[in-house]
2 protein chains.
Amino acid sequence: MRDVAALAGVSLKTVSRVVNREPNVSAPIVAKVTRAVERLNYRHNVGASNLRSRRTGVIGALLQDVSNSFSAGLLRALEDVARQRRHVVLTASLDEEVERERQLVGDLVGRRVDGLILMPATRDHSYLAPDLRAGLRVVFVDREPHGIVTDSVLVDNVTGAFDATRHLLGQGHRRILHLGDLDTIETAHQRQLGYEAALRAAGMRLDPDLVVTGQRTSEMGEEALLRVFDSPSPPTAVFASRNTVAIGAARALRRLGLSHQIALVGFDDFPLADLLEPGLTVVRQDVGLIGRMAADILYARIDGDTSPAERHLVPPKLVLRGSGEIPPRA
Amino acid sequence: MRDVAALAGVSLKTVSRVVNREPNVSAPIVAKVTRAVERLNYRHNVGASNLRSRRTGVIGALLQDVSNSFSAGLLRALEDVARQRRHVVLTASLDEEVERERQLVGDLVGRRVDGLILMPATRDHSYLAPDLRAGLRVVFVDREPHGIVTDSVLVDNVTGAFDATRHLLGQGHRRILHLGDLDTIETAHQRQLGYEAALRAAGMRLDPDLVVTGQRTSEMGEEALLRVFDSPSPPTAVFASRNTVAIGAARALRRLGLSHQIALVGFDDFPLADLLEPGLTVVRQDVGLIGRMAADILYARIDGDTSPAERHLVPPKLVLRGSGEIPPRA
DNA sequence: CTGAAAGCGCTAACAC
DNA sequence: GTGTTAGCGCTTTCAG
């Protein structure tokens, strides 16, 4: 920058003004400086500038796994709003690992990100309190903050699961298997609650044999379903409350030749769900909307919004494609 | 940091040493400093440290679209190797937009990333030459660098398309439709070349009516296929050289009721391709491997490897699942 | 509209 | 093993 100033015959501060597109610099000087910048291949050092100005133009996004379609879609939405501010996004995957979350949060705070989008792996977030007090802006996504107060954008999992289950009940199903993720995961637990509530609303009792949680992968879902169906009175419908598990369930039904006999509803849409045979009925969470909301809230905070933290609930939507509309066998 | 030093009763430099886990600090002092850090909720300012040390611990990843499974998988692989170094990844999507690429490269260079992974939208990369000369390390992924010399990790698209086409020919198909992306996109062009080469190798002539390029989305692929099949002598097989297009083609065949009559091979695998009916035969590119290779090469350069830039070709693999093994109609 | 001086928070290079 | 001095590249404050 010194060299640029010298070549352009102006002061350091003037170069700084031009580079930062500040107003109040005369056009000829802007031109002169710009020319010098190009001639010298000068690259403004954003890091150095941050040191004094206290804003990095970076937001952090700590997601579950950027390679799964939910996290990836979220990231894309965040990126789109960040870009409008000429901000940039630092991402990492947590893989449900508690230690990783704490370490990455520490790292991002150390890098002085202007804000943080967090889809937490931990269940207790009080460790964030000092940073929050120090001015860190955080928006939780998909999972609720515990032990601290901050904004969140959540899917209404209870309602989504309730709707899915009610949909199956409405078609006459009475034996509905719930295949779910680890019950310790908050969203999974809420879906279980929604399932139970729908049964209760229909005046039914919960049959513990029809609840199989702890399914994380499509393989686990597939095997779990095969196990359950190897019984004298198998279910007539399946609610698979995680997308990978729904895929496993679909695969298992295919293997059993029951794709068109057993109803199946999944939670969380994914590409190609409509191309399966039958098309997979799912509860869809609008990732684009969730990401945009989270980013908008984060930027409102960055812009100085000091209203009380809010919990934003995004309603999921039941998308009928065929698999969920199969009636119980006569 | 000054406060920490004061509280611990040591010098600034000693705190710096402890925070950076440098050797040659006595255990009791480390403990004292660590305690002071915790008491004060001190957060090491990585940005300030970078200013002096000239390394940011950040790599940039400019990909096509982080929400598609190819880019997302790549990003995940990059992240995994970066994490082993306690580095972090700055990502953005280019969406084939030339201007965006240049702007983001400029931004990331300004942020002094230690290295850059680039899946370019541009076709001329000479604009990078000054930065390269200034020491920027760049590894190209999926597309070749033009106008500069730097490392790249590419999929052997010609061979992949050749194999796919030969596979169809081997089953007796003679009228094979090639549905491809914009021919101006390098990878798409190479796939067209592979298709042509396979026909030539089988002693066949290229029928221009059987080449439909410019298909970008699944909708376009679907319509294009419907158009082609609305003819007196439709093809008996389809090679869809882009994953979204293959999905559109599968959807179109489904609509025509020809899923089991017409052979279909796609390029680039995606989740659930095996669950379609019939399972979709594809040419698979190993994203995990590509990402790991690119990151390893980038870090080798960062570590000072000055050997000549190399072009690494990853062979794609034909994955048979049924749709590509349908024989031509008698 | 432009510039000079001070300092952001840290680490390199050296001394002790 | 630990401390001191200088300065990374920029922006802030205030003066002109």
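Chain letters run A, B, ... following the sequence lines, proteins first and then strands; every chain starts at 1. Just so we're clear, the structure is a prediction, and the values are computed from it rather than from any experiment.
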Just how far, in rounded Å, is C1' of D:dG3 from NZ of B:K32?
14 Å

Could you tell me whether B:V46 contacts a base, only the sugar-phosphate backbone, or nothing, with contacts defined as non-hydrogen atoms closer than 4.0 Å?
nothing

One thing to verify: whether A:D114 and A:R137 come together as a salt bridge, which I'm taking to mean a side-chain N less than 4.0 angstrom from a carboxylate O.
no

Quick one: label B:N20 by what it contacts on the DNA or RNA (base, sugar-phosphate, nothing), any heavy atom closer than 4.0 Å.
sugar-phosphate

Taking atom types as they are modelled, would you say the side chain of B:R52 forms a donor-acceptor pair with the base of D:dG9 within the 3.5 Å cutoff?
no

Take the protein atom NZ of A:K13 and the nucleotide atom P of C:dG7, then report the distance between them rounded to whole Å.
17 Å

Using atom CZ of A:R2 as one end and atom P of D:dC8 as the other, report the distance to the nearest whole Å.
7 Å

Using 0.5 Å steps for rounding, measure from the CG atom of A:D181 to the CD atom of A:E96.
7.5 Å

What nucleic acid atoms does A:L12 come within less than 4.0 Å of, heavy atoms only: base, sugar-phosphate, or nothing?
nothing

At 4.0 Å (heavy atoms only), tell me whether B:R54 reaches a base, stays on the sugar-phosphate, or touches nothing.
sugar-phosphate

With heavy atoms under 4.0 Å as the rule, sort B:V19 into base, sugar-phosphate or nothing.
nothing

Does A:R17 contact C:dG3 through a side-chain donor or acceptor facing the base, at a distance under 3.5 Å?
yes

Any side-chain heavy-atom pair from B:L90 and B:I59 closer than 4.5 angstrom?
no

Nearest of C:dT2, D:dT11, C:dC10 to any side-chain atom of A:V25?
C:dT2

Report yes if a side-chain nitrogen or oxygen of B:S11 is closer than 4.0 Å to either non-bridging phosphate oxygen (OP1 or OP2) of D:dG3; otherwise report no.
yes

With each end axis built from five pairs of C1' atoms, what bend angle do you get for the helix from C:dC1-D:dG16 to C:dC16-D:dG1? Round to 10°.
20°

Phosphate contact (D:dG9 OP1 or OP2) by A:N45 side-chain N/O below 4.0 Å
no

D:dC10, C:dC10, C:dG9: which one has an atom nearest the side-chain heavy atoms of B:L51?
C:dG9

Indicate the ring-plane relationship of A:H125 and A:H146, choosing parallel, tilted or perpendicular according to the 30° and 60° boundaries.
parallel

If I take atom CE in residue B:M1 and atom P in nucleotide C:dC8, what distance separates them, rounded to the nearest angstrom?
13 Å

Phosphate OP1/OP2 of D:dT2 contacted by B:S26 side-chain N/O (<4.0 Å)
yes

OP1, OP2 of C:dC10 versus side-chain N and O of B:S16: anything below 4.0 Å?
no

Of the nucleotides D:dT2, C:dA12, C:dT2, which has the atom closest to the B:T14 side chain?
D:dT2

